[in-house]
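Right, one structure below, let's go through it.
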2 protein chains.
Amino acid sequence: MNNLPKPTKTELAILNIMWVISPATVRQIHEEIIKNGKTSYTTTLKMLQVMHQKGLVIRNSEHKAHIYEPTLTKKATQKQMLEDLKNRLFGGSISSLVLQALGTNDTTKQSELDEIKALLDKVEEKS
Amino acid sequence: MNNLPKPTKTELAILNIMWVISPATVRQIHEEIIKNGKTSYTTTLKMLQVMHQKGLVIRNSEHKAHIYEPTLTKKATQKQMLEDLKNRLFGGSISSLVLQALGTNDTTKQSELDEIKALLDKVEEKS
DNA sequence: TATTATATACGAGAAACTTCGTTAAATCAT
DNA sequence: ATGATTTAACGAAGTTTCTCGTATATAATA
């Protein structure tokens, strides 16, 4: 169980960058951000300060340029947000969510299908 | 392709009620809402007015008490929000999302597993 | 050491979301 | 018809989220 708030839209965009390049300075993160659109450096800085305040990222302040890192892994965040969506829109049923997800999609690779099947078998064994 | 904004947290809570009892008046929807927590009637009314403004609900104003209904079905909204989550947190890969969802969960019913498998086979045939 | 560059902190404004009170109109009951 | 009830409309205040400028401190460099 984690206690952290769900990241907002903008926070999630920043986390996505951090999961690739962190640990990183604000400058490094900001360089990535401005590849898709204008933003001030101080905007990025403020976002990270707020995220730190919320506990979404941890930081090392030993040096002048602080080093930031996500508190949760990408996988843990995926789990958290799937859980949230499941509860708020799928009546708490993960299989309902999965069914809808599979039904929606029409371009799943064979290798991925196999992976899903394998996982299904594993889940099945446990019951 | 639909053009509607993603419903906010509170809007989604209202939509969940409407998918069960709509078409419905503000009063009817509000009665459901106050079953879990206090809210003023005018708050519910305002939410519905804003949702109508955004196109999330349609309404019939022939009578004094307007009749509201969601614009999209629950299924269409599920699809929309899964699509959004997929793009923002799963690099656009639905199978990655499904794998994570199945891995997270440990209480899937056998009947649901069978349903998922059947759907997988169907998806597979199309390739 | 003095100047310049780079970083953090902070506050304030803009924008989106949520809540609620007041007003006025329509409907109902007496 | 008159008064009470129910409803919609509206504006405004409270919250959260996002953006940015200014001030200040630290580090680099000339």
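Here is how names work: the chains are called A, B, and so on, in the same order as the sequence lines, proteins then strands, and each is numbered from 1. Predicted model only: the values in this text are computed from it and were never measured.
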Problem - Which residues share a side chain to side chain contact (heavy atoms under 4.5 Å, CB included) with B:Ala76, sequence neighbours left out - result: B:Leu72, B:Thr73
Practice task
Taking side chain to side chain contact (heavy atoms under 4.5 Å, CB included) as the test, write out the residues that go with A:Ser22, two or more places apart.
Solution key: A:Met18, A:Glu69, A:Pro70
Can you check nucleotides 13-15 of chain C for protein contacts, nitrogen or oxygen pairs under 3.5 Å, and list what you find?
none

Fill in the blank from the handout: Within residues 53-64 of chain A, the residues having a heavy atom closer than 4.0 Å to DNA chain D are A:Lys54, A:Lys64
Fill in the blank from the handout: Within residues 6-35 of chain B, the residues having a heavy atom closer than 4.0 Å to DNA chain D are B:Val26, B:Arg27
Completion exercise
Between A:Ile34 and A:Thr39, the two heavy atoms sitting closest are CG2-O, 3.8 Å
Fill in the blank from the handout: salt bridge (Lys or Arg N to Asp or Glu O under 4.0 Å) filter on A:Arg88, not counting sequence neighbours, yields A:Asp84
Handout entry: Non-neighbouring partners of B:Asp114 that pass salt bridge (Lys or Arg N to Asp or Glu O under 4.0 Å), sequence neighbours left out
Key = none
When the distance from [atom1] of [X] to [atom2] of [N] is rounded to whole Å, what number comes out?
X       : N      : atom1 : atom2 : value
B:Met47 : D:dT15 : CE    : C1'   : 14 Å
A:Leu48 : D:dC20 : CG    : P     : 15 Å
A:Ile67 : C:dT8  : CD1   : P     : 9 Å

What distance separates [X] [atom1] from [Y] [atom2], expressed to the nearest 0.5 Å?
X        : Y        : atom1 : atom2 : value
A:Leu120 : A:Glu115 : CG    : CD    : 11.5 Å
B:Ile17  : B:Ile29  : CD1   : CD1   : 8.0 Å
B:Leu12  : B:Thr77  : CG    : OG1   : 8.0 Å

Practice task
Select base, sugar-phosphate, or nothing to describe what A:Tyr41 touches, counting heavy atoms under 4.0 Å on all strands.
Solution key: base
Exercise for the section: Apply side chain to side chain contact (heavy atoms under 4.5 Å, CB included) to A:Leu82 and B:Leu85, showing your working. Expected result: CA-CA 8 Å; A:Leu82 273 174; B:Leu85 189 63; 3.8 Å; yes
Problem - Cationic N near anionic O, under 4.0 Å, A:Glu11 to A:Lys54 - result: yes
Problem - Pair A:Leu89-A:Lys86, side chain to side chain contact (heavy atoms under 4.5 Å, CB included): steps then yes or no - result: CA-CA 6 Å; A:Leu89 190 54; A:Lys86 180 196 72 176; over 6 Å; no
Problem - Of all pairs that satisfy ring pair (Phe, Tyr, Trp, His ring centres under 6.0 Å), the ones with a partner from residues 43-85 of chain B, not counting sequence neighbours - result: none
Exercise for the section: Please identify each residue that fulfils side chain to side chain donor-acceptor pair (under 3.5 Å) with B:Lys35, with sequence neighbours left out. Expected result: B:Glu32
Problem - B:Lys117 side chain near A:Asp121 side chain, heavy-atom distance below 4.5 Å - result: yes
Could you list the protein-to-nucleotides 28-30 of chain C atom pairs, N/O on both sides, closer than 3.5 Å?
none

Handout entry: Side-chain donor or acceptor of A:Thr25 paired with backbone N/O of A:Gln28 under 3.5 Å
Key = yes
List, with names and distances, any nitrogen or oxygen atoms from the protein found under 3.5 Å away from nitrogen or oxygen atoms belonging to nucleotides 20-24 of chain C.
residue: C:dC20; atom: OP2; partner: B:Ser40; partner atom: N; Å: 3.2
residue: C:dC20; atom: OP2; partner: B:Thr43; partner atom: OG1; Å: 3.3
residue: C:dG21; atom: N7; partner: B:Thr42; partner atom: OG1; Å: 3.2

Completion exercise
Rounding to the nearest 10°, end axes of the helix from C:dT1-D:dA30 to C:dT30-D:dA1 built from five pairs each make an angle of 0°
Practice task
Tell me, yes or no, whether the heavy-atom count around B:Lys74 atom NZ, taken from other residues, nucleotides or ligands under 6.0 Å, exceeds 12.
Solution key: yes
Exercise for the section: Group every Ile, Leu, Val, Met, Phe, Trp and Tyr by side-chain heavy-atom contacts under 4.5 Å, then state whether A:Met81 and A:Leu4 land in the same group. Expected result: yes
Exercise for the section: May I ask you to verify if any side-chain N or O of B:Gln49 is less than 4.0 angstrom from the OP1 or OP2 atom of D:dA8? Expected result: no
Problem - CA sep, side-chain torsions, deciding dist, call: A:Met51, A:Ile14, side chain to side chain contact (heavy atoms under 4.5 Å, CB included) - result: CA-CA 10 Å; A:Met51 289 168 80; A:Ile14 290 175; 4.1 Å; yes
